[in-house]
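Notes for the one structure printed next.
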Amino acid sequence: MLVALFLKLFLAHLIGDFLFQSDTWVKHKKQYKITSKYLYVHIAIHALALVALLQFDFIAAIIVVIISHFAIDVLKLYLSNKKNERLLFVLDQLAHILVLFAITYYYNPFTIDVSQLLSPKILLVSIFIVLVTYAFSVCIKQLIAPWDVQINTDRKSIDGAGKYIGMLERLLVFGFVVAGIWSAVGFLIAAKSVFRFGDLTSGKDRKLTEYVLIGTLLSFGLAILAGVIYKALLPLI
């Protein structure tokens with residue numbers, strides 16, 4: 001009952017906030033705020049989704065979700081600007097989900113065993129996630145630092161893009177290794193080669209190509225090593 005109720009509430013949220021909300025609606029709401037017709041259409045879709053999923057079994061919950069969703073959305077519209085738009089998006093979603101948790105707790109009180117959050121297995125996977133993302137980024141940067149001065153850095157690129165691409169690729173490789181899907185690791189390497197190295201070689205910048213190749217092989221190698229070590233340590237805990 002507990003899980004089913006939350007899943008229904010969350011599915012209704014996803015339907016209203018993502019499935020049936022276009023960019024046109026979002027732009028219109030930003031411009032006209034509380035007077036935007038799409039704000040009310042958006043809320044109506046949430047109401048319909050909740051009724052369809054809960055079948056009038058939790059009328060009070062539906063009313064609370066609708067009122068809280070409207071209030072949170074209006075607050076976001078009036079506080080939002082270009083500088084805080086991404087932050088408010090995250091806070092907006094967190095606020096909605098907290099409301100869903102609160103409603104679920106009201107109907108089905110539950111407890112969270114905090115000690116389980118600090119279990120050895122959770123700590124181990126947390127350590128390796130930090131390793132393959134931030135720690136390895138620093139390690140790779142230090143390892144390839146001697147060649148930085150030889151590279152032409154005038155090429156246009158999104159600030160920080162390389163760092164986050166590396167973090168994401170290492171997370172994927174780590175996950176594939178842990179899951180034992182080695183073919184996916186090969187596919188990821190091939191995909192990156194097609195998108196990245198083809199462009200570099202066509203630019204006839206051999207030093208940059210070699211520099212990127214070293215960084216990529218280090219990134220994949222460290223992620224694979226981390227996955228293998230994690231799998232070896234997991235049965236010991």
Side-chain angles (χ1 to χ4, degrees), residues 1-80 84-126 128-129 133 164 167-168 171-172 174-176 178-181 184 234:
M1 183 65 177
L2 168 64
V3 175
L5 175 58
F6 179 77
L7 290 179
K8 288 179 180 179
L9 291 170
F10 190 56
L11 178 57
H13 172 72
L14 293 178
I15 290 171
D17 257 23
F18 299 100
L19 185 59
F20 289 107
Q21 182 169 216
S22 67
D23 291 339
T24 302
W25 291 17
V26 174
K27 291 177 182 177
H28 194 276
K29 288 194 296 180
K30 286 180 180 178
Q31 182 176 357
Y32 295 99
K33 296 181 172 50
I34 201 169
T35 60
S36 171
K37 61 182 180 181
Y38 292 118
L39 173 63
Y40 301 95
V41 174
H42 173 67
I43 297 299
I45 289 173
H46 271 282
L48 290 173
L50 286 165
V51 170
L53 291 168
L54 296 178
Q55 298 292 317
F56 296 100
D57 290 335
F58 300 91
I59 298 297
I62 293 173
I63 294 172
V64 170
V65 171
I66 295 305
I67 293 175
S68 64
H69 199 101
F70 178 79
I72 292 168
D73 278 10
V74 169
L75 183 63
K76 176 189 172 186
L77 289 173
Y78 281 95
L79 293 178
S80 181
N84 66 10
E85 189 171 1
R86 285 183 295 179
L87 175 61
L88 283 181
F89 171 78
V90 174
L91 294 177
D92 170 79
Q93 293 301 314
L94 286 175
H96 291 315
I97 293 171
L98 283 174
V99 170
L100 302 186
F101 268 116
I103 291 171
T104 305
Y105 180 82
Y106 175 80
Y107 283 100
N108 296 279
F110 58 90
T111 58
I112 298 175
D113 189 353
V114 179
S115 64
Q116 290 298 316
L117 299 177
L118 298 176
S119 66
K121 289 185 178 180
I122 297 295
L123 292 174
L124 183 65
V125 73
S126 300
F128 275 88
I129 288 174
T133 52
Y164 292 108
M167 290 168 61
L168 289 172
L171 273 176
L172 287 172
F174 175 76
F176 292 148
V178 171
I181 313 174
L234 194 58

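Since the structure is predicted, the reported quantities are computational estimates derived from the model, not experimental observations. When a residue number appears, it is its place in the shown sequence, counting from 1.
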With side chains defined as the heavy atoms from C-beta onward, is the minimum distance between [X] and [Y] less than 4.5 Å?
| X | Y | result |
| --- | --- | --- |
| L234 | V178 | no |
| M167 | Y164 | yes |
| F70 | Y40 | yes |
| S119 | L123 | no |
| L39 | V74 | yes |
| L19 | L14 | no |
| Q93 | F18 | yes |
| W25 | I45 | yes |

Could you please spell out the steps behind the side-chain contact (heavy atoms from CB on, under 4.5 Å) verdict for V3 and T104?
-> CA-CA 8 Å; V3 175; T104 305; over 6 Å; no

How long is the span from the [atom1] atom in [X] to the [atom2] atom in [Y], to the nearest 0.5 Å?
| X | Y | atom1 | atom2 | value |
| --- | --- | --- | --- | --- |
| I66 | L48 | CD1 | CG | 8.5 Å |
| L172 | I181 | CG | CD1 | 11.0 Å |
| H42 | S36 | NE2 | OG | 10.5 Å |
| L50 | I59 | CG | CD1 | 10.0 Å |
| F101 | L94 | CZ | CG | 10.5 Å |
| H46 | D17 | NE2 | CG | 4.0 Å |

May I ask you to check whether K8 and Q55 show a side-chain donor-acceptor distance below 3.5 Å?
->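 Their side chains do not contain a donor-acceptor pair, so the 3.5 Å distance test is not met.
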
Do you know which two heavy atoms are closest between H13 and L100, and how far apart they sit?
->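 Shortest heavy-atom separation between H13 and L100 comes out as CB-CD1, 4.2 Å.
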
A12 versus L53, closest heavy-atom pair with distance |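 Looking at all heavy atoms of both residues, the shortest contact is N-CD1, 3.6 Å.
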
Is it the case that more than 12 heavy atoms not belonging to Y78 sit under 6.0 Å from its OH atom?
->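 Yes, OH of Y78 has more than 12 neighbouring heavy atoms, counting only those of other groups under 6.0 Å.
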
Neighbour count >12 (heavy atoms, 6.0 Å) for atom OH, Y107 |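 Counting neighbours around OH of Y107, more than 12 heavy atoms of other residues, nucleotides or ligands fall under 6.0 Å, so yes.
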
ring-ring contact (aromatic ring centres under 6.0 Å, His included) with F10: which residues, sequence neighbours excluded?
->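 F10 satisfies ring-ring contact (aromatic ring centres under 6.0 Å, His included) with F6 once adjacent residues are dropped.
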
When you measure from the side chain of S80 to the backbone N and O of L77, does any donor-acceptor pair fall under 3.5 Å?
->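 It does not hold such a pair.
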
Scan for salt bridge (charged side-chain N to carboxylate O under 4.0 Å, His left out) pairs involving residues 54-80, sequence neighbours excluded, and state none if there are none.
->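 For residues 54-80: none.
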
